[in-house]
Amino acid sequence: MTIALYGIKNCDTMKKARAWLDANAIPYVFHDYKVEGVDAARLDRWIGTEGWEPLLNRAGTTFRKLPEIDKTDLDSSKARGLMIAQPSMIKRPVLEYPGGLLIGFAPERYARALL
């Protein structure tokens with residue numbers, strides 16, 4: 001399995017993660033949610049591994065602009081539906097690597113997992 005980085009090209013956090021990977025000469029493939037969407041089976045695996053809470057970006061503009069009814073009484077099914085419909089609601093980046101999954105970017109976590 002190759003390393004895959006999931007997110008949105010112009011996101012500042014994504015830029016930091018990509019720069020870190022490049023600076024450490026770690027090859028990866030990039031999956032842009034804006035262009036390619038998110039695969040439901042992959043999202044289900046992520047939810048099964050990490051839970052839906054760490055994946056749902058509640059701080060982002062897309063989530064904040066939702067009608068109040070969509071933001072209340074969240075559970076795994078409702079959150080999954082929101083993330084499938086609007087992948088920009090998935091916290092960025094999500095990095096899949098042999099043996100694990102990292103959500104969000106922190107240089108020390110990337111170093112522990114990949115170096």
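Numbers for residues simply follow the sequence, beginning at 1. Small disclaimer: the values here were computed from a predicted structure and weren't measured.
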request  = Can you measure from NZ (K34) to CG (N10) and round to the nearest 0.5 angstrom?
outcome  = 9.0 Å
inquiry  = Would you say Y33 and R92 are linked by a side-chain donor-acceptor pair, where the criterion is simply a distance under 3.5 Å?
reply    = no
Side-chain donor-acceptor distances from residues 74-81 under 3.5 Å, at least two apart:
{"from": "D75", "atom 1": "OD1", "to": "S77", "atom 2": "N", "distance (Å)": "3.2"}
{"from": "D75", "atom 1": "OD1", "to": "K78", "atom 2": "N", "distance (Å)": "2.8"}
{"from": "K78", "atom 1": "NZ", "to": "I69", "atom 2": "O", "distance (Å)": "2.7"}
{"from": "K78", "atom 1": "NZ", "to": "T72", "atom 2": "O", "distance (Å)": "2.5"}
{"from": "R80", "atom 1": "NE", "to": "D44", "atom 2": "OD1", "distance (Å)": "2.5"}
{"from": "R80", "atom 1": "NH2", "to": "D44", "atom 2": "OD2", "distance (Å)": "3.4"}

ask   = Under the criterion ring-ring contact (aromatic ring centres under 6.0 Å, His included), which of F105, Y97, Y28 is the partner of Y110?
value = F105
inquiry  = Looking at every non-hydrogen atom in both residues, tell me the closest pair between S88 and T62 and how far apart they are.
reply    = OG-OG1, 3.0 Å
key: Shared hydrophobic cluster for I8 and L102 (ILVMFWY, side-chain gaps under 4.5 Å)   = no
query = Do F30 and L21 sit in the same hydrophobic cluster, where Ile, Leu, Val, Met, Phe, Trp and Tyr count as joined when their side-chain heavy atoms come under 4.5 Å apart?
reply = yes
message = With a 4.5 Å cut-off on side-chain heavy atoms, are K15 and K9 touching?
response = no
Expected output: side-chain N24 to main-chain W20 donor-acceptor under 3.5 Å = yes
request  = Might you point out which heavy atoms bring P93 and M14 nearest each other, and give the distance in Å?
outcome  = CB-SD, 3.1 Å
remark   = Rounded to the nearest 0.5 angstrom, the CG-CD1 distance for L43 and I47 is 4.0 Å
task = Over all heavy atoms of both residues, which pair between K91 and L56 is shortest? Give the atoms and the distance, please.
result = CE-O, 4.2 Å
message = Ignoring hydrogens, what is the shortest heavy-atom contact between R18 and L5? Give both atom names and the distance.
response = CG-CD2, 3.4 Å
query = Taking a hydrophobic cluster as the set of Ile, Leu, Val, Met, Phe, Trp and Tyr residues connected by side-chain heavy atoms closer than 4.5 Å, whether directly or through intermediates, do W46 and L95 fall within one such cluster?
reply = no
key: Hydrophobic cluster identity match, L115 and L101, side-chain contacts under 4.5 Å   = no
message = Students often mix this up, so state it plainly: with edges at 30° and 60°, are the rings of Y6 and H31 parallel, tilted or perpendicular?
response = tilted
L114 side, atom CG; I26 side, atom CD1 - distance, nearest 0.5 Å = 4.5 Å
note = So OG1 of T13 and NZ of K16: to nearest 0.5 Å the spacing works out to 5.5 Å
query = Should W52 and V38 be counted in the same cluster of Ile, Leu, Val, Met, Phe, Trp and Tyr side chains packed under 4.5 Å apart?
reply = yes
remark   = In terms of heavy-atom contacts, A40 and I84 come closest through CA-CD1, 3.6 Å
inquiry  = Is it true that, when you exclude K71 itself, more than 12 heavy atoms of the residues, nucleotides or ligands shown sit nearer than 6.0 Å to its NZ?
reply    = yes
key: Rounded distance [0.5 Å steps], CG in L82 versus CZ in R58   = 10.0 Å
query = Roughly how far apart are D70 CG and E68 CD, rounded to 0.5 Å?
reply = 9.5 Å
message = I'd like to know if the side chain of R109 and the backbone of I103 have a donor-acceptor N/O pair within less than 3.5 Å.
response = yes
